[in-house]
Structure formats: C-alpha cells, structure tokens
Number of protein chains: 2
Amino acid sequence: MIIFRDKPYRCTSEIVLDLVSGKWRISILNELSKGPVRFNQLQRLLPNATQRMLTMKLRMLESDGLIIRKVYPVSPPRVEYRLSELGEQLVPMLTMLCDFGSTYIDSFPDEVSYSDHKHA
Amino acid sequence: MIIFRDKPYRCTSEIVLDLVSGKWRISILNELSKGPVRFNQLQRLLPNATQRMLTMKLRMLESDGLIIRKVYPVSPPRVEYRLSELGEQLVPMLTMLCDFGSTYIDSFPDEVSYSDHKHA
DNA sequence: CGGAATCCCACGCGATACTG
DNA sequence: CAGTATCGCGTGGGATTCCG
C-alpha cells in the first residue's frame with residue numbers, strides 16, 4: 001500500500017488516474033500540450049466549462065506539478081498556463097489513452113456517433 | 001465531439017478514463033490481468049471493497065465489455081471473472097499508467113510513504 | 001481579464017442487513 | 001457463495017454573482 005499526499009493507493013496507476021481524471025483535466029492537458037494558453041483562450045477552447053471550474057482545475061493541475069501558471073503584471077491582467085516538465089512527460093500517455101479509446105470504440109460501432117455543436 | 005453510449009466526449013481518452021476510473025475498477029482489472037478469479041477470491045484480494053461495490057463494479061466492467069462473467073451452475077454457487085479479449089488489450093496501458101505513476105511520485109519523494117496494513 | 005464567494009444538487013460510494 | 005435491498009452522506013460539479 002502506497003501513501004501519497006496522505007492518500008492510500010493500491011497501485012501507482014491509481015495516482016495517475018487522480019491526476020488526469022475529473023472533468024476538464026484531460027481536456028486542459030490536451031490543449032496545453034499544443035502550447036501555452038491564456039485563461040481566456042482556454043475558456044473559448046472549452047466553452048462548456050465555467051470560469052469557476054476552469055480556475056479550480058487549473059489550480060489543481062498546478063499544485064499537482066503538471067502545469068505552470070505565469071502571471072504577467074499588466075493591465076488588463078494576463079495569465080498564461082503551460083505544461084511543466086512533468087506535464088510534458090505525461091503527453092505520450094495521453095496519446096496512448098486516446099489511441100486505446102479509438103480502438104475501444106471501434107469494437108462498438110453501433111454505439112458511436114458524432115456531433116458538431118459545441119454545447120453539452 | 002464524440003457521442004458514445006449517449007454520452008459526449010471531447011476526446012477518446014476520456015472514454016478510457018470512464019472505463020478505468022471509479023473506485024476498484026483498476027484494482028479489479030489488475031487482479032484479473034493475472035488470471036481468472038472467483039468472486040470470493042476477489043473479496044479477499046480487495047478486503048476493503050464491500051460486496052456491493054465489488055458486484056457493481058464487476059457488472060459495469062462486464063457491460064463495458066472488458067471482463068467476462070462465467071457462472072457455474074453448482075451448489076454452492078461458483079462465479080468466475082476473467083478479462084475479455086478487449087480487456088486483455090487494456091493490460092499494456094495499465095502497465096504504462098503504473099509506470100508513469102512511479103515516475104511521477106519519484107518527483108515528490110517527501111510526499112511518499114508505505115504501509116503494510118490492509119485496511120484503509 | 002482572470003478570478004473569488006456563495007449556494008446548490010446529483011450521485012458515487014459505503015455501511016448494514018437479508019437471501020437463493 | 002455470490003449476490004440484492006435500503007438507507008444515507010460526502011463531494012465533485014455547476015449556476016450565479018461580485019471584485020481588483
């Protein structure tokens with residue numbers, strides 16, 4: 001049994017799930033993997049996430065050491081987020097998750113459809 | 001936007017998270033990756049999971065197509081669970097998650113400890 | 001622009017007891 | 001042995017409003 005940050009885990013894979021699970025976390029990481037993004041840009045990229053949720057998840061990812069928050073002391077405020085070194089190391093895994101997801105849904109073609117609209 | 005089983009996803013990786021997230025799912029998959037297991041064995045392997053939770057998670061994994069439930073019509077009842085073909089394909093990814101988890105916690109040696117006791 | 005504060009709800013999870 | 005059936009709560013997620 002591993003204790004990490006005062007929480008017990010049966011396997012280190014569960015720790016990784018804590019890092020990337022939770023709504024918006026993967027989407028944020030995916031966007032940041034393409035390069036640094038400002039808060040406002042992120043809002044437009046993830047139009048269904050409320051400001052509150054984005055802020056919360058970004059702070060969590062930051063305290064997990066996966067992303068870096070950089071504040072430019074200008075007016076109007078400018079805050080930029082980017083992957084940390086650890087976060088960069090996560091990218092190949094995100095790709096693998098994505099790949100297996102594609103493989104998986106290919107086994108259930110009847111249950112898949114696509115939608116263009118951004119909401120929901 | 002992908003719709004899979006009536007649920008929207010921004011990326012197929014989010015589908016995979018739905019498959020392996022949720023308490024006990026990864027632990028169950030890890031145990032089954034070593035070979036078929038009976039319900040009772042699983043209970044002993046995961047002593048902190050209640051019967052209800054084990055049953056629920058097993059049924060979910062089954063309906064997700066990752067595991068197979070085989071009932072032997074004997075008395076007392078004998079039910080065996082094993083990975084499906086799809087489930088087997090998941091194993092390398094579980095290994096990778098585990099590996100990255102180890103890499104990750106190595107970055108925070110102060111926040112890691114170990115415990116022998118099975119509870120919590 | 002990039003938040004923080006407040007309020008609220010669904011549901012994932014669990015404890016416990018019962019059963020073919 | 002391998003499950004249901006009930007009940008209850010914590011917390012993750014969200015809508016809304018206000019702020020420097």
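Numbers restart at 1 for each chain; the letters A, B, ... are given by sequence-line order, proteins then strands.
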Residue set satisfying side chain to side chain donor-acceptor pair (under 3.5 Å) with A:Arg52, at least two apart, ordered chain then number -> none
With no hydrogens and no angle check, is any side-chain donor or acceptor of A:Ser33 less than 3.5 Å from a backbone partner on A:Asn30?
yes
Basic-acidic side-chain contact under 4.0 Å: A:Arg25, A:Asp64:
yes
Okay, side chain of B:Gln41, backbone of B:Val37: is any donor-acceptor separation there less than 3.5 Å?
no
Answer yes or no: is there a donor N or O on one side and an acceptor on the other, between the side chain of A:Ser21 and the main chain of A:Asp18, under 3.5 Å?
no
Residues of residues 9-27 of chain A with any non-hydrogen atom less than 4.0 angstrom from an atom of DNA chain C: list those, numerically ordered, please.
none
ILVMFWY network linking A:Val16 to A:Val91, side-chain heavy atoms under 4.5 angstrom
yes
Between B:Arg44 and B:Glu31 (salt bridge meaning N to carboxylate O under 4.0 Å), is one present in this structure?
no
Would you indicate, yes or no, if D:dG12 has its OP1 or OP2 atom less than 4.0 angstrom from a side-chain nitrogen or oxygen of A:Lys57?
no
Does the plane of the ring in B:Tyr104 sit parallel, tilted or perpendicular to the ring in A:Phe4? Use 30° and 60° as the thresholds.
perpendicular
Without placing hydrogens or testing angles, list every side-chain donor-acceptor pair under 3.5 Å for residues 82-89 of chain A, not counting sequence neighbours.
{"residue": "A:Ser84", "atom": "OG", "partner": "A:Gly65", "partner atom": "O", "Å": "2.6"}
{"residue": "A:Ser84", "atom": "OG", "partner": "A:Leu66", "partner atom": "O", "Å": "3.0"}
{"residue": "A:Ser84", "atom": "OG", "partner": "A:Leu86", "partner atom": "N", "Å": "3.3"}
{"residue": "A:Ser84", "atom": "OG", "partner": "A:Gly87", "partner atom": "N", "Å": "3.1"}

List every contact pair, protein side and nucleotides 1-4 of chain D side both N or O, where the distance is under 3.5 Å.
{"residue": "D:dC1", "atom": "OP1", "partner": "B:Asn40", "partner atom": "ND2", "Å": "2.6"}
{"residue": "D:dC1", "atom": "O3'", "partner": "B:Arg38", "partner atom": "NH2", "Å": "3.3"}
{"residue": "D:dC1", "atom": "O3'", "partner": "B:Pro77", "partner atom": "O", "Å": "3.1"}
{"residue": "D:dA2", "atom": "OP1", "partner": "B:Arg38", "partner atom": "NE", "Å": "3.1"}
{"residue": "D:dA2", "atom": "OP1", "partner": "B:Arg38", "partner atom": "NH2", "Å": "3.1"}
{"residue": "D:dA2", "atom": "OP1", "partner": "B:Val79", "partner atom": "N", "Å": "3.2"}
{"residue": "D:dA2", "atom": "OP2", "partner": "B:Asn40", "partner atom": "N", "Å": "2.7"}
{"residue": "D:dG3", "atom": "OP1", "partner": "B:Arg59", "partner atom": "NH2", "Å": "2.6"}
{"residue": "D:dG3", "atom": "OP1", "partner": "B:Arg69", "partner atom": "NE", "Å": "3.2"}
{"residue": "D:dG3", "atom": "OP1", "partner": "B:Arg69", "partner atom": "NH2", "Å": "2.3"}
{"residue": "D:dG3", "atom": "OP2", "partner": "B:Tyr81", "partner atom": "OH", "Å": "2.6"}
{"residue": "D:dG3", "atom": "N7", "partner": "B:Gln51", "partner atom": "OE1", "Å": "2.5"}
{"residue": "D:dG3", "atom": "O6", "partner": "B:Gln51", "partner atom": "OE1", "Å": "2.8"}
{"residue": "D:dT4", "atom": "OP1", "partner": "B:Arg59", "partner atom": "NH1", "Å": "2.5"}

Taking 5' to 3' order, which nucleotide of DNA chain C is first and which is last to have an atom within less than 4.0 Å of a heavy atom in chain A?
C:dC1 to C:dT6
I need the A:Leu32 CG to A:Glu80 CD distance, nearest 0.5 Å.
10.0 Å
Test applied, side chain to side chain donor-acceptor pair (under 3.5 Å); reference residue, A:Tyr81; option that passes from A:Arg69, A:Glu62, A:Arg38
A:Arg69
For A:Asp6, does the CG atom have more than 12 heavy-atom neighbours from other residues, nucleotides or ligands under 6.0 Å away?
no
Tell me the interatomic distance from A:Leu46, atom CG, to D:dG13, atom C1', rounded to whole angstroms.
15 Å
With five pairs defining each end axis, the helix from C:dC1-D:dG20 to C:dG20-D:dC1 comes out bent, to 10°, by 50°
